[in-house]
Amino acid sequence: MDLRIGMRIGNGYDIHRLVSDRPLILGGINIPHEMGLLGHSDADALTHAIMDAMLGALSLGDIGHYFPPTDPQWKGADSLKLLAQVNALIQEKGWCIGNLDTVIVAERPKIKPHIAAMRDRLAAVLQISPDQIGIKATTNEKLDAIGREEGIAAYTVALLVKSSESSKKGES
Ligand code: MG
């Protein structure tokens, strides 16, 4: 793998099913709603899409490889803790986040009132500025499964840049 170029880009996607009796957690924020996302972990689809984009940028595989849903230790896992681990991994390899751009696709509830809190929470975990995290939200215009409120999806593009420490050392 040629990592001499100082920038790497990755994309991530995730979707989880909406069910009763689960909290709705996106970007580490608990959003009041009568339904929540089903999953082995806390089912934070936005955070999962971010992790896959970060891993994808360095061709490191996907979160299923690092945190398999068959492993009981990830049952109910706080996805922000997994995100911190993925961030540590890319830092070990000499990379840091340039910026993240994300989209949440949800028919309901309204996501916009929670975006500032999500950016702050994710930025704190990733040790970057909220300005480096874009979060947009859209509905699916009542189309398909997301439009029928059966699930919520998230997309992320991540730009990673070589960290200045590793550039100084001339690592590739
Ligand atoms: Mg997921």
Side-chain angles (χ1 to χ4, degrees), residues 1-16 23-31 36-105 111 114-137 151-167 169 171-172:
M1 178 164 53
D2 185 353
L3 293 179
R4 285 175 296 181
I5 300 166
M7 290 185 282
R8 301 275 298 197
I9 194 166
N11 79 90
Y13 167 78
D14 196 26
I15 186 167
H16 282 265
L24 175 56
I25 297 168
L26 287 170
I29 299 298
N30 207 319
I31 298 173
L37 295 175
L38 181 65
H40 185 69
S41 66
D42 63 7
D44 183 339
L46 175 61
T47 301
H48 294 179
I50 290 171
M51 288 192 277
D52 262 358
M54 292 167 66
L55 291 169
L58 298 184
S59 309
L60 292 172
D62 59 37
I63 55 173
H65 173 73
Y66 295 91
F67 314 109
T70 48
D71 188 333
Q73 73 169 303
W74 311 121
K75 185 167 166 52
D78 176 352
S79 294
L80 293 183
K81 294 208 168 93
L82 311 185
L83 180 65
Q85 287 186 44
V86 169
N87 200 39
L89 180 66
I90 68 154
Q91 286 175 347
E92 275 166 29
K93 294 192 174 288
W95 295 80
C96 58
I97 293 170
N99 73 300
L100 304 172
D101 187 30
T102 74
V103 183
I104 297 167
V105 190
I111 302 298
H114 307 284
I115 285 179
M118 289 182 202
R119 293 174 73 205
D120 286 347
R121 182 71 58 88
L122 292 165
V125 171
L126 293 168
Q127 301 165 292
I128 59 177
S129 161
D131 293 344
Q132 289 167 273
I133 306 175
I135 300 178
K136 306 183 297 298
I152 288 178
Y155 299 82
T156 297
V157 172
L159 183 72
L160 303 189
V161 294
K162 197 160 271 192
S163 61
S164 50
E165 283 165 38
S166 67
S167 312
K169 282 185 265 173
E171 289 174 10
S172 62

Could you work out, with side chain to side chain donor-acceptor pair (under 3.5 Å) as the rule, every residue matching [X], not counting sequence neighbours?
{"X": "Asp71", "answer": "Gln73"}
{"X": "Ser79", "answer": "Asp42, His48"}
{"X": "Lys81", "answer": "none"}
{"X": "Asn11", "answer": "none"}

Trace of the side chain to side chain contact (heavy atoms under 4.5 Å, CB included) decision for Leu122 with Leu80: CA-CA 8 Å; Leu122 292 165; Leu80 293 183; 3.8 Å; yes

Is a side-chain N or O of [X] found less than 3.5 angstrom from the main chain of [Y], in a donor-acceptor match?
{"X": "Asp101", "Y": "Val157", "value": "no"}
{"X": "Tyr66", "Y": "Leu60", "value": "yes"}
{"X": "Arg8", "Y": "Leu160", "value": "no"}
{"X": "Asp62", "Y": "His65", "value": "yes"}

Ignoring hydrogens, what is the shortest heavy-atom contact between [X] and [Y]? Give both atom names and the distance.
{"X": "Gly28", "Y": "Asp44", "answer": "N-OD2, 2.8 Å"}
{"X": "Ala154", "Y": "Ala49", "answer": "O-CB, 3.6 Å"}
{"X": "Ser129", "Y": "Ala123", "answer": "C-CB, 3.8 Å"}
{"X": "Thr102", "Y": "Ile50", "answer": "CG2-CG1, 4.0 Å"}
{"X": "Pro130", "Y": "Asp120", "answer": "CG-OD1, 3.5 Å"}
{"X": "Asp131", "Y": "Arg119", "answer": "CA-NH2, 3.7 Å"}

Roughly how far, to the nearest 0.5 Å, is the [atom2] atom of [Y] from the [atom1] atom of [X]?
{"X": "Ile31", "Y": "Leu24", "atom1": "CD1", "atom2": "CG", "value": "5.0 Å"}
{"X": "Ile104", "Y": "Ile152", "atom1": "CD1", "atom2": "CD1", "value": "8.0 Å"}
{"X": "Gln132", "Y": "Asn99", "atom1": "CD", "atom2": "CG", "value": "7.5 Å"}

- request: Take Thr156 and Asp52 through the side chain to side chain contact (heavy atoms under 4.5 Å, CB included) test and state the conclusion after the steps.
  value: CA-CA 8 Å; Thr156 297; Asp52 262 358; over 6 Å; no

Less than 4.5 Å apart, any side-chain heavy atom of [X] and any of [Y]?
{"X": "Ser41", "Y": "Phe67", "value": "no"}
{"X": "Leu82", "Y": "Thr47", "value": "no"}
{"X": "Gln91", "Y": "Gln127", "value": "yes"}
{"X": "Ile25", "Y": "Leu37", "value": "no"}
{"X": "Ile97", "Y": "Ile133", "value": "no"}
{"X": "Met51", "Y": "Leu46", "value": "no"}
{"X": "Met118", "Y": "Leu26", "value": "yes"}

For Tyr13, ring pair (Phe, Tyr, Trp, His ring centres under 6.0 Å) partners two or more places apart: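 Tyr13 satisfies ring pair (Phe, Tyr, Trp, His ring centres under 6.0 Å) with Tyr155 once adjacent residues are dropped.
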
field: Contacts of Pro69 that satisfy side-chain contact (heavy atoms from CB on, under 4.5 Å) - sequence neighbours left out
entry: His40

query: Would Leu126 and Leu83 satisfy side chain to side chain contact (heavy atoms under 4.5 Å, CB included), going step by step from the backbone distance to the final call?
result: CA-CA 8 Å; Leu126 293 168; Leu83 180 65; 3.7 Å; yes

